[in-house]
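All values reported here derive from a predicted model rather than from experimental measurement.
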Amino acid sequence: MSLLQFLLMILHSIFLEFCTCTDTILPSHPIKDSETIVSNNTNFKLGFFSPEGSKNRYVGILYNVTVQTAIWVANRDKPLNDSSGTVTIMEDGNLVVLDGQQEIVWSSNLTNSLVNSSAQLLDTWNLILKDNSNGRALWQSFQHPSDSCLQGMRLDPVSNEDDKNLITSWNSPSDASTGSFSFGVDPLNIPQVFVWNDSNPYWRSGPWNGQIFIGIPNMDSIRNNGFHVVPEDNGSLYMTVSFANQSIPTYFVLNSKGCLMQKCWYDGYEDWRVNWTNLENECDVYGKCGAFGICNSLDSPICTCLEGFEPKNITEWSKGNWTSGCERKTQLQCERNNSLVKEGKEDGFLKLTSVKVPNFAERSY
Ligand SMILES: *[C@@H]1O[C@H](CO)[C@@H](O)[C@H](O)[C@H]1NC(C)=O
Ligand SMILES: *[C@@H]1O[C@H](CO)[C@@H](O)[C@H](O)[C@H]1NC(C)=O
Ligand SMILES: *[C@@H]1O[C@H](CO)[C@@H](O)[C@H](O)[C@H]1NC(C)=O
Ligand SMILES: *[C@@H]1O[C@H](CO)[C@@H](O)[C@H](O)[C@H]1NC(C)=O
Ligand SMILES: *[C@@H]1O[C@H](CO)[C@@H](O)[C@H](O)[C@H]1NC(C)=O
Ligand SMILES: *[C@@H]1O[C@H](CO)[C@@H](O)[C@H](O)[C@H]1NC(C)=O
Ligand SMILES: *[C@@H]1O[C@H](CO)[C@@H](O)[C@H](O)[C@H]1NC(C)=O
Ligand SMILES: *[C@@H]1O[C@H](CO)[C@@H](O)[C@H](O)[C@H]1NC(C)=O
Ligand SMILES: *[C@@H]1O[C@H](CO)[C@@H](O)[C@H](O)[C@H]1NC(C)=O
Ligand SMILES: *[C@@H]1O[C@H](CO)[C@@H](O)[C@H](O)[C@H]1NC(C)=O
Ligand SMILES: *[C@@H]1O[C@H](CO)[C@@H](O)[C@H](O)[C@H]1NC(C)=O
Ligand SMILES: *[C@@H]1O[C@H](CO)[C@@H](O)[C@H](O)[C@H]1NC(C)=O
């Protein structure tokens, strides 16, 4: 063995020591662009990466598989343009990403100052910043998700005041900045999950019936796979994600086109496989056929009006522009002037099957 080989061997073993033995960032152990921390189970690592097709440097949590898979990104809206960045803990206890000029490009933004803290990447993919004196979590990536949703994550209902607990898409596969699509649970009268395009609904799950979302025909919830609404004693609720077989790597991701997918890494395959998607056909897009329209992807054209309704604007409708929707052919009896002689049949209900219930459904007890 030559001296060079010997030195390389020593270097290699030192490198391994540094690279695979720690899951924690300490004030005294920042990580540089070329370094990573790895969760104890080796499933996840945190470090710098560039998406395919981009030279920008982001700090992210990556799934340890052969295809680059960033499930969380810190500086998504402020990437670095070179490899001079570091991730470290500041004197005030905040976890930060610094550029080559030591300027803060991303911070955990805690206001409680001067805490002795460290950041640990857990086996569950959660990155927690904890107070070393008592082990308390000060900040965690689970509560600040990017575009992905993994086992054990909890999503609180959206409210107008804060939207931090929302999954938000990337702008494009090569640009991790916050895109226009988001995903979360809306408490409404009966909870539903939504994908929004900016603030407009783009897809909805249909109401939660206590076991499944009734507008998702193939979501295997009975076997504890997917999203679950958990009610709390005080009447509030939250949503969790759990998967039936946790020995198969799997997660939900909202892509830059508003498509929510469950991806799985099956043994023997070289890439993620899509096990479920919210957009199976055009009819899954919210309001595709307009008000009182009904969508059937097997029909041509896909949109028709509900029985008793006709297109609001036949010119637009016949050109395949369904946005104006349909309107009643005849007024309801209860809407007509009561002092006139009642004509025709009495008002009643028509039962429709195999359709999503309306958006603002109410439960009748
Ligand atoms: C880390 O993983 C090893 C090997 O799987 C295990 O023995 C050890 O208990 C784990 N440590 C922690 C802190 O979970
Ligand atoms: C990634 O996982 C493989 C096994 O699937 C393991 O051999 C390897 O050490 C892991 N890589 C890291 C950086 O932990
Ligand atoms: C890279 O970003 C820094 C600021 O973070 C800026 O000063 C510098 O000009 C940029 N370099 C290039 C080549 O864009
Ligand atoms: C931290 O706070 C600054 C200033 O208020 C803000 O610009 C930045 O977006 C915040 N960063 C995060 C990650 O919330
Ligand atoms: C911070 O906490 C760590 C772990 O408890 C300890 O080793 C270190 O000395 C502490 N640092 C300071 C500045 O108190
Ligand atoms: C999302 O909304 C934007 C702006 O309202 C619109 O231009 C775009 O077409 C929408 N995307 C989809 C897929 O509908
Ligand atoms: C994939 O979907 C099927 C059907 O919905 C389900 O039975 C199966 O458990 C899913 N696989 C994983 C790994 O979640
Ligand atoms: C309901 O209880 C949970 C857990 O105890 C708490 O996090 C939440 O803020 C409470 N919500 C309201 C509206 O009081
Ligand atoms: C979970 O997946 C693994 C790997 O595909 C498989 O060997 C195992 O039988 C599955 N377990 C269950 C309960 O389905
Ligand atoms: C129908 O739509 C066309 C094109 O948008 C418009 O010119 C026309 O005025 C509309 N007709 C009615 C009755 O609203
Ligand atoms: C479809 O009709 C709506 C309502 O009249 C109109 O605003 C929109 O521009 C039309 N879209 C196309 C593609 O013609
Ligand atoms: C209802 O019909 C009566 C008798 O024709 C008429 O006087 C009244 O103004 C109508 N009311 C409405 C709200 O149209």
Side-chain angles (χ1 to χ4, degrees), residues 143 145 147-150 152-169 179-243 251-255 257-262 275-297 306 325 351-365:
Q143 289 173 356
D147 66 344
S148 304
C149 202
L150 275 88
M153 209 158 116
R154 167 185 167 146
L155 292 176
D156 291 313
V158 292
S159 65
N160 293 330
E161 298 97 65
D162 77 295
D163 55 7
K164 65 173 200 274
N165 209 233
L166 214 52
I167 308 286
T168 44
S169 69
S180 66
F181 290 98
S182 58
F183 167 74
V185 58
D186 192 325
L188 289 169
N189 302 308
I190 314 172
Q192 279 191 71
V193 293
F194 277 87
V195 170
W196 290 276
N197 180 3
D198 291 323
S199 53
N200 302 313
Y202 186 62
W203 171 83
R204 66 190 181 94
S205 64
W208 174 254
N209 73 357
Q211 283 192 309
I212 56 164
F213 290 102
I214 60 174
I216 306 179
N218 51 359
M219 188 150 234
D220 183 3
S221 185
I222 312 298
R223 283 168 55 214
N224 205 30
N225 211 25
F227 300 110
H228 301 267
V229 172
V230 182
E232 286 183 309
D233 293 341
N234 58 12
S236 67
L237 56 89
Y238 63 92
M239 190 171 71
T240 60
V241 182
S242 62
F243 298 106
Y251 70 112
F252 283 103
V253 59
L254 180 64
N255 80 4
K257 298 208 162 76
C259 186
L260 183 69
M261 295 179 274
Q262 187 199 355
N275 195 44
W276 174 83
T277 160
N278 64 337
L279 303 178
E280 278 187 344
N281 60 63
E282 292 176 279
C283 293
D284 287 316
V285 172
Y286 182 88
K288 184 77 188 174
C289 296
F292 303 111
I294 192 154
C295 194
N296 183 346
S297 65
L306 287 173
K351 185 174 175 181
L352 291 171
T353 55
S354 304
V355 294
K356 254 182 205 173
V357 301
N359 197 5
F360 300 102
E362 302 219 12
R363 200 194 302 263
S364 81
Y365 292 92

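No side-chain N or O of N200 forms a donor-acceptor pair with one of Y286 less than 3.5 Å apart.
Separation of atoms OH (Y251) and CG (D147) is listed at 7.5 Å; rounding is to 0.5 Å. Note that CH2 of W203 is 8.0 Å distant from CG of D284, once rounded to the nearest 0.5 Å. Here the straight-line distance linking atom NZ of K288 with atom CG of N281 works out to 10.0 Å at 0.5 Å rounding. Atom CZ of F194 sits about 4.0 Å away from atom CG of N359, to the nearest 0.5 Å. With values rounded to the nearest 0.5 angstrom, K356 atom NZ is found 7.5 Å from I216 atom CD1.
Proximity of a side-chain donor or acceptor of S205 to a complementary backbone N or O of V193 within less than 3.5 Å is detected. Q192 places a side-chain N or O within donor-acceptor distance of the main-chain N or O of G206, the cut-off being under 3.5 Å.
The heavy-atom pair separating K257 from F181 by the smallest distance is C-CE1, 3.5 Å. The minimum heavy-atom distance between R204 and V357, with the atom names listed, is NH2-O, 2.6 Å. Closest non-hydrogen pair, C283 versus N296, comes out as SG-N, 3.5 Å. Shortest non-hydrogen contact noted between L237 and P231 is CB-CA, 4.1 Å. Contact detail for W208 and H228: the closest heavy-atom pair is CH2-CA, 3.7 Å. Closest of all the heavy-atom pairs between I167 and S148 is CD1-O, 3.5 Å.
Counting heavy atoms from C-beta on, the side chains of Y202 and W196 never come closer than 4.5 Å. The closest side-chain heavy-atom distance from I294 to C289 is not below 4.5 Å. Here the side chains of L254 and C259 are not in contact, with every heavy-atom distance at 4.5 Å or above. Using a 4.5 Å heavy-atom threshold, the side chains of F243 and N275 count as separate. With a 4.5 Å cut-off on side-chain heavy atoms, W276 and L260 count as touching.
Note on ring orientation: taking the six-membered ring where Trp is involved, the planes of F183 and F227 are tilted (angle from 30° to 60°).
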*Derivation of the side chain to side chain contact (heavy atoms under 4.5 Å, CB included) call for V229 and F213*: CA-CA 9 Å; V229 172; F213 290 102; 3.6 Å; yes

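For the side chain to side chain donor-acceptor pair (under 3.5 Å) test with S180, the passing option among T168, N197, D198 is N197; the others fail.
Under the side-chain hydrogen bond (donor to acceptor under 3.5 Å, both in side chains) criterion, E280 pairs with N218, not counting sequence neighbours. Under the rule for a side-chain hydrogen bond (donor to acceptor under 3.5 Å, both in side chains), T240 has no partner lying at least two apart in sequence or in another chain.
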